[in-house]
Amino acid sequence: MSVSRLAKGVLSSLASEPHPSAPRLSGLETLPRPRDVLRPGFLLGAATASHQVEGGNDNDWSEWEKGSFPDGTPHIKEGQVSGAACDSWNRFADDVALLRELGANAYRLSVEWSRLEPEEGAWNEAAADRYLEGMRLLRAQGIQPMVTLNHFTLPRWVAAQGGWENERTVEWIAAFTRRVARKLGGEVDLWCTLNEPNVLTTFGYMDGLWPPGVKDPKRGAQVLARMLRAHARMAAELREHDTVDADGDGQATRVGLSHHVRIFQPATRSPLDRVLAGFTDRFFNQAVVEANRTGRIQLYAPGVADIDEEVPGLKGSYDYLGLNYYTRDMLHSDLRSPKLSRLTVAEGRPVNDLGWELYPEGLYQVLMRYGREGLPIYVTENGMADTSGERRPDFLQRHFEALVRAASEGADVRGYFHWSLMDNFEWAEGYEPRFGLYRVDYSSPEKRREPTPAVATFQALARDLGLEPRARTDAA
Ligand code: NOJ
């Protein structure tokens, strides 16, 4: 570890708040109208991921779901398994009909690597055809697909050979990307290579709560670096093998990744809280964003990581920055913890069903902060766990207002994808948290999708942008 980098980190943390001291969101009365501010072609959509909705998957997660921790606690709350999920693999047309009913003009979804390449080198053409049909259906309904190539899950054969700890995974996922680009490129322009490398690294390799259950921050940092190397390779494959401009905008591919950003606010004015909030912010938020500008992976956390590496193809590999924004954390230094800090919710603030603070201003702040990177931004996820469904309309409205305000002040925001289209398998939390614009009745054989009150809110936003919601019976 170089002393000068430590010193620089400390000084910059003290010099500036780790979260932007951007102006606060002000009164709604002065809010500009979305259609006056957002660009034509703004994407308003919803998001899902294959393992969370498709059902019937066989991958590292389906294995993990069966297991428990050494103390006997099941890996997934109440020992649940993803199982049939929302059965979207068989009910894709229903999901497209929901998107039409919302008035969405875009859908972020992922393709499941384990389904397409269940064994090393074996390709499931029938599954690939099915995805292709899905993309055609979306486009025929005026819905632009944004395809994520990897949303947390790995085929068993990749996991068995070390998963993200094996450098060969970079080549394997690049080869997978090439095949998907060739297969779907005629229908898809908008690609997202990886979903939330920082979250996968934290839960899977630092906290040991997700597969492969590793609890070693040093290994976690190596995995994050490897995932960025994989992103660079995947971006190159997409550009080389998807040469069809499906939507006729002059660009055959637009490549990015979905990056989870959080506001880390020092809990007190103590220099240690501020310094550690600064380091956490750099490691978790900033490194992935900067990688595109510098072409380097620079990860530093005291005693954990000191990585500074140039990666071929990383510089300029984002055509857009995808941001997943959910919440803010108050950071308290805690030198006894391996992460040197612990996170809490600001006192008295409202939270969602998972205890995450509802903080719409944070969306404004991250958009203003990253709007300065000179890249178009898509909010690739934003949503709340709300079983009642009663609080989601206000959540959606207020976050969209935050986005509109940021756009009116110069942030180049090109789209918003609500997480999620429907309730789904929330990883270690199982099926209890409900994030869906549509509530899923898991006990019904057809996994009935029922609108929550936020559907009307979404439709109003869509209408305001000139999009036209259609009754479900007319669609698909
Ligand atoms: C981000 C992840 O990409 C998604 O899989 C998850 O369900 C949501 N956050 C909510 O936690």
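Quick caveat: nothing in here was measured; it's all calculated off a predicted structure. Order of appearance sets the numbers: ligands from 1, and atoms from 1 within every ligand.
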Do me a favour and list the nearest non-hydrogen protein atom to atom 8 (C) of ligand 1 with residue, atom name and distance?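 Scanning the protein heavy atoms, the shortest distance from atom 8 (C) of ligand 1 goes to Y326 OH, 3.3 Å.
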Shortest protein contact, atom 11 (O) of ligand 1 (heavy atom only):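 The protein heavy atom lying closest is E426 OE2, 2.5 Å.
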Taking side-chain contact (heavy atoms from CB on, under 4.5 Å) as the criterion, tell me which of N198, L224, T201 meets it with F283.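 So, applying the side-chain contact (heavy atoms from CB on, under 4.5 Å) to F283 and each of N198, L224, T201, only L224 qualifies.
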Excluding sequence neighbours, so at least two apart, what forms side-chain contact (heavy atoms from CB on, under 4.5 Å) with D334?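 Listed in chain order: R336, S337, R342.
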Give me the ring orientation class for F69 and W64: parallel if the planes are under 30° apart, tilted from 30 to 60°, perpendicular past 60°.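 Plane angle over 60°, so perpendicular.
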Pairing residues for E426 by the side chain to side chain donor-acceptor pair (under 3.5 Å) criterion, not counting sequence neighbours: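 None.
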Can you tell which part of [X] has a heavy atom less than 4.0 Å from ligand 1: side chain, backbone, both or neither?
{"X": "W356", "answer": "side chain"}
{"X": "E381", "answer": "side chain"}
{"X": "N195", "answer": "side chain"}

So, for Y326 and W419, is the gap between ring centers shorter than 6.0 Å?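 So the answer is no for these two rings.
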Can the ring centres of W61 and F152 be said to be less than 6.0 Å apart?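 Not under 6.0 Å, so no.
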Hey, is ligand 1 close enough to W419 that some N/O pair sits below 3.5 Å?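 Yes: some nitrogen or oxygen of W419 is under 3.5 Å from one in ligand 1.
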W427 to ligand 1: N or O pair under 3.5 Å?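 Such a contact does occur with ligand 1.
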